[in-house]
2 protein chains.
Amino acid sequence: MTAPDRRRRMSTITDVAREAGVSVATVSRALRGLDRVSPRTRERVFKVATELDYVASPTATSLASGRTQVVGVVAPFLTRWFFATLVSSIEKTLRQHGHHVLLFDLEDDTYDQRLPLSQNMLWKRVDGVITLNLPLTVQELELVDRLGLPLVAIGTPVADRPNVRIDEDLAMRTATEHLVSLGHERIAYIGTVPSNAAHIQTPQARLDAFRDVMRAHGLQEHPDWILESDWTADSAASDTRTLLASADRPTALAAASDEMAMGAMAAARAEGLRVPEDLSVIGVDDHVLSNVLGLTTVRQDVAAQGREAAEILLRALGVDTPGGSTSAVVVPTELIVRASTAPPPPST
Amino acid sequence: MTAPDRRRRMSTITDVAREAGVSVATVSRALRGLDRVSPRTRERVFKVATELDYVASPTATSLASGRTQVVGVVAPFLTRWFFATLVSSIEKTLRQHGHHVLLFDLEDDTYDQRLPLSQNMLWKRVDGVITLNLPLTVQELELVDRLGLPLVAIGTPVADRPNVRIDEDLAMRTATEHLVSLGHERIAYIGTVPSNAAHIQTPQARLDAFRDVMRAHGLQEHPDWILESDWTADSAASDTRTLLASADRPTALAAASDEMAMGAMAAARAEGLRVPEDLSVIGVDDHVLSNVLGLTTVRQDVAAQGREAAEILLRALGVDTPGGSTSAVVVPTELIVRASTAPPPPST
DNA sequence: CTGAAAGCGCTTACAG
DNA sequence: CTGAAAGCGCTTACAG
C-alpha cells in the first residue's frame, strides 16, 4: 500500500552543526532567532539549514521545551455549520502563528451523553485548549487546571476563563422585536433543550430575552408555543409540525438558530402554509444557506469568534499577536431582513 | 487570565518505577502490554501507575519510538458539509484506536490557490495522512514519500495510494436516469469547475456520466446548459439565474452536489418557477438539509467513507482494525426521491 | 558570542 | 522475566 520507499534520512541539528562548523547550541539559537549570535554565524547556519532541508523535529523540541505548538479544539459536534466554521477559522489563525490544531469531537453515539475530556488527550499533547459551546464538568476543569493549560471558551462560558461570544440576550431580543415591529402578536419560540442533553448548554438567555420582549409589549406568551428541540433542522421540522397544523396557530416563529428556522419553514410548507404570508420565521446565525433560502436572521460572525479566541489563547501562550483583549470579547450581531418575515395575515 | 495555579507535577515513568520497585524498562513493557513481564509484576505496575495518575508523555514516547499516534487530515475547506462530516467520522474512528487528528485547512484567502502541504506540518508530527478531495501536487506527493508517510485519499485519488470514494459515474448516471425516466428531455447540468480553481478537482466523471446518459437516450445536449460553479449554494443560485430566467429553459437540472441543487432551487423560486412543477432539480450527496428541503438526491454515505479511510490508514500503521480492504473501497450510493423532481410540465 | 553538558521522559536492543 | 545503558533530537542554564 505504500509507494516505493523513497524515504530519506532527514537531517538533524547535529548535521547542520557539523556542516556549519558550530555547536548544536549555536544552531539552535541561530535558527530560533535568539540574540547573542553573530550575524555572520547566523547567516551561515541558515544557509546550511536550507541546503539540508532541515526542519527541527517538533517531537524533540517539545520534549526539551515543554511546548508542543498545538492547541486542542474541543467540540460537542463537528458536522453542524457553527462548529465547522469555528474550527476552520481557529485553524487558520493558529497556523499563521506556527501553531496547529488537534481536534476532539466529543459527540457520542448516545444522545444524552458525550465523551469526557481526558488526561491522555491533553497531557503533553497541547499547550492550551479552546472549547466550542461546551460546558465543562468540574472534573474536566480540574484536569485542565492541573495540567496548567490556558483555556478560552467560545459561546458557553467555562468558569472564569476568557470567553468569546455574542450577546445572546441582544440577539434574541432583536429577532423578537423585529417580529413585533411587523405587527405580530401571536409568536412562538423554538429552541429550549431537553434537559437530558448534557452536552448542549441550554441557551436560557435567548428564551429569557424572547419572554422579556413579549412581556414588554404586553403580548401573551402561550406555554405550548415554547418548543423544545435538539437544534437540528430535521428535528425542528417535526417539533413544529403539530403546532403549525393546528387551527389556533401562531403567525410568527422565532427560532434560536437558523437550522431550526429552516426546519420550521419546511414544516410550514408541508402544512400548506406560505412563508411569510401565513407564517413569518426568523432565526439566529446567518447560516451559509440562509441567504439562498431567504431566511431573515440575526447574523453572528462566527469566523470572527474563532479568530478572537485563537488570538487570546496565543497571547496567553506568549505569542505576539495583534489585538488587545485578554479576557472577554462580545462579537456584535446584526439583523438581516430577507424574505421569511412579513406582517401577519389579516385576522379572520 | 489563567486560574489560580493548581498545576501539579505529573508523575513520570521514573516515579512509577521507584514506587513499584522495578526498572523503568519494566514499567514501559508492563504498561504497553508487551510479553516477557510476569503477571505479578505487571499487576503491581498497573496499580502504582493508577495511583499516581500516570500517563506516559506522548512527547517523550514519540521521540523514543518515532511514532506520534496522530494523523494529519488535510482538507481544501472545512466549512462545507461534506468535509466537516468526513473529519468528524475520521476523528471518531481514530480515537477509538488511540490516535488523534491534526487538522489542516488549506483554504486560502484567494480563490485560485491554496496553501501547500509543507514539511513542517508533517515531519515528526504525524504518522500518516488522509486527504479529503484534494489533488496533491508532485512536490507534495514527493514530500509525503520522502517522509515515508502512508496516505489514504478520500474522493480525489492521489497517485497509487489507497482511495475511498463513491462511484462518481454511477452516481450521476443514476441522477440523470431518474430525470429521463420522468420524461424530461431538456436537462441542464451544473458542476463543472473553473479551471483556475487549483484546489478543486474537476469532477469530470460526473459530467461525462451526464453526457453519456443524455446521448444514450438520444437527447440533445445544449452547450449553454452545462454550467460552471464553485460548488456553493450561493454561487449556484447566481450561476443558474440567467438560464432559468430565459424563455427557452430546461425542465430539469442535474446538480453535481446538493448545495448547488439548493442554490438552483432558490434561483428557480426567485424567478417565479415552481419546483418541481416547472423545474425538477436533483443533486448528489444527501446533505443534512436535503431532507428538510425536500431535495431529491443520490445519497452517498460520507461518514462511512471517513471510517473506511481511517481504518485503512490504521492498518497501514500496524494497528489491528476490523475490515479487510487495504487499497481501495467504493462506497455505494442510493437514489432518494423526494419532492424536487416530477414529470415535466406539459409542453406548450 | 559560543560551546560542553545535562536534561526532557520515554523505548529498545543487549545481557543476563 | 528484568535491568543497565544508549539513544531519540532538541533546549537551556552555566562557563568562558
Side-chain angles (χ1 to χ4, degrees), chain A residues 9-46 48-49 52-70 98 119-120 122-125 127 147-148 318, chain B residues 8-46 48-49 52-70 98 119-120 123-125 127 147-148 318:
Chain A
R9 180 178 165 286
M10 294 287 130
S11 32
T12 70
I13 197 172
T14 309
D15 300 323
V16 179
R18 187 187 343 96
E19 210 63 30
V22 297
S23 71
V24 299
T26 299
V27 174
S28 175
R29 290 191 205 99
L31 259 24
R32 284 182 303 144
L34 300 189
D35 47 0
R36 330 233 112 231
V37 176
S38 82
R40 294 201 47 222
T41 306
R42 189 188 302 277
E43 197 181 335
R44 186 148 31 92
V45 170
F46 265 102
V48 173
L52 300 186
D53 269 331
Y54 173 72
V55 171
S57 157
T59 220
T61 300
S62 298
L63 182 57
S65 72
R67 302 282 291 251
T68 61
Q69 312 273 90
V70 355
Q119 179 163 334
N120 80 71
L122 304 178
W123 170 230
K124 287 294 180 189
R125 203 149 240 155
D127 293 340
L147 301 179
Chain B
R8 232 171 46 191
R9 179 177 164 287
M10 293 288 130
S11 32
T12 69
I13 197 173
T14 309
D15 300 323
V16 179
R18 186 187 344 94
E19 210 63 31
V22 297
S23 72
V24 298
T26 300
V27 174
S28 176
R29 289 188 206 103
L31 258 25
R32 284 182 303 144
L34 301 189
D35 46 2
R36 330 232 110 232
V37 175
S38 81
R40 292 200 48 222
T41 305
R42 187 187 305 276
E43 197 181 336
R44 185 148 31 91
V45 170
F46 264 101
V48 172
L52 300 185
D53 269 332
Y54 173 71
V55 171
S57 157
T59 221
T61 300
S62 297
L63 182 57
S65 72
R67 302 283 291 252
T68 61
Q69 312 274 91
V70 356
Q119 179 163 335
N120 79 70
W123 170 230
K124 289 293 179 187
R125 203 149 241 156
D127 292 341
L147 301 180

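Everything quoted here is computed from the prediction, not taken from an experiment. First the proteins, then the strands, lettered A, B, ... as listed; each starts at 1. These values consider heavy atoms only, across backbone and side chains, with no hydrogens, waters or symmetry-generated copies.
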Next on the checklist: With nearest nucleotide decided by heavy atoms, which residue, B:Ser65 or B:Pro39, maps closer to the 5′ end of DNA chain D?
Outcome noted: B:Pro39
Checklist entry - For DNA chain D, whose closest nucleotide is more 5', that of A:Ala64 or that of B:Ala64? => result B:Ala64
From [options], nucleotide with atom closest to [X] side chain:
X: A:Arg36; options: D:dA4, C:dT2, D:dC1; result: C:dT2
X: B:Ser23; options: D:dC8, D:dG3, C:dC8; result: D:dG3
X: A:Thr61; options: D:dT11, D:dA4, C:dC10; result: D:dT11

Next on the checklist: Measuring from atom CH2 of A:Trp123 to atom OG1 of B:Thr59, what distance do you get when rounded to the nearest 0.5 angstrom?
Outcome noted: 10.0 Å
Checklist outcome for this item: Here the pair of heavy atoms bringing A:Phe46 nearest to A:Ala30 is CE1-O, 3.7 Å
Next on the checklist: If you compare all heavy atoms of B:Ala60 against all heavy atoms of A:Leu63, which two are closest, and at what distance to 0.1 Å?
Outcome noted: CB-CD1, 3.8 Å
Next on the checklist: With nearest nucleotide decided by heavy atoms, which residue, A:Val37 or B:Val27, maps closer to the 5′ end of DNA chain C?
Outcome noted: A:Val37
Item to check | Atom pair distance, as rounded to whole Å: CD1 in A:Ile13 and C1' in C:dC8 | outcome: 15 Å
Next on the checklist: Without decimals, in angstroms, what is the distance between B:Leu63 CG and C:dG9 P?
Outcome noted: 12 Å
Next on the checklist: With heavy-atom distances below 4.5 Å as the criterion, would you say the side chains of A:Thr61 and A:Arg67 are in contact?
Outcome noted: no
Next on the checklist: Only pairs with both distances under 3.5 Å count, Watson-Crick or wobble alike; so what is the partner of C:dC14 in this structure?
Outcome noted: D:dG3
Checklist entry - Within the structure shown, what part of the strands sits under 4.0 Å from A:Thr41 by heavy-atom distance: base, sugar-phosphate, or nothing? => result sugar-phosphate
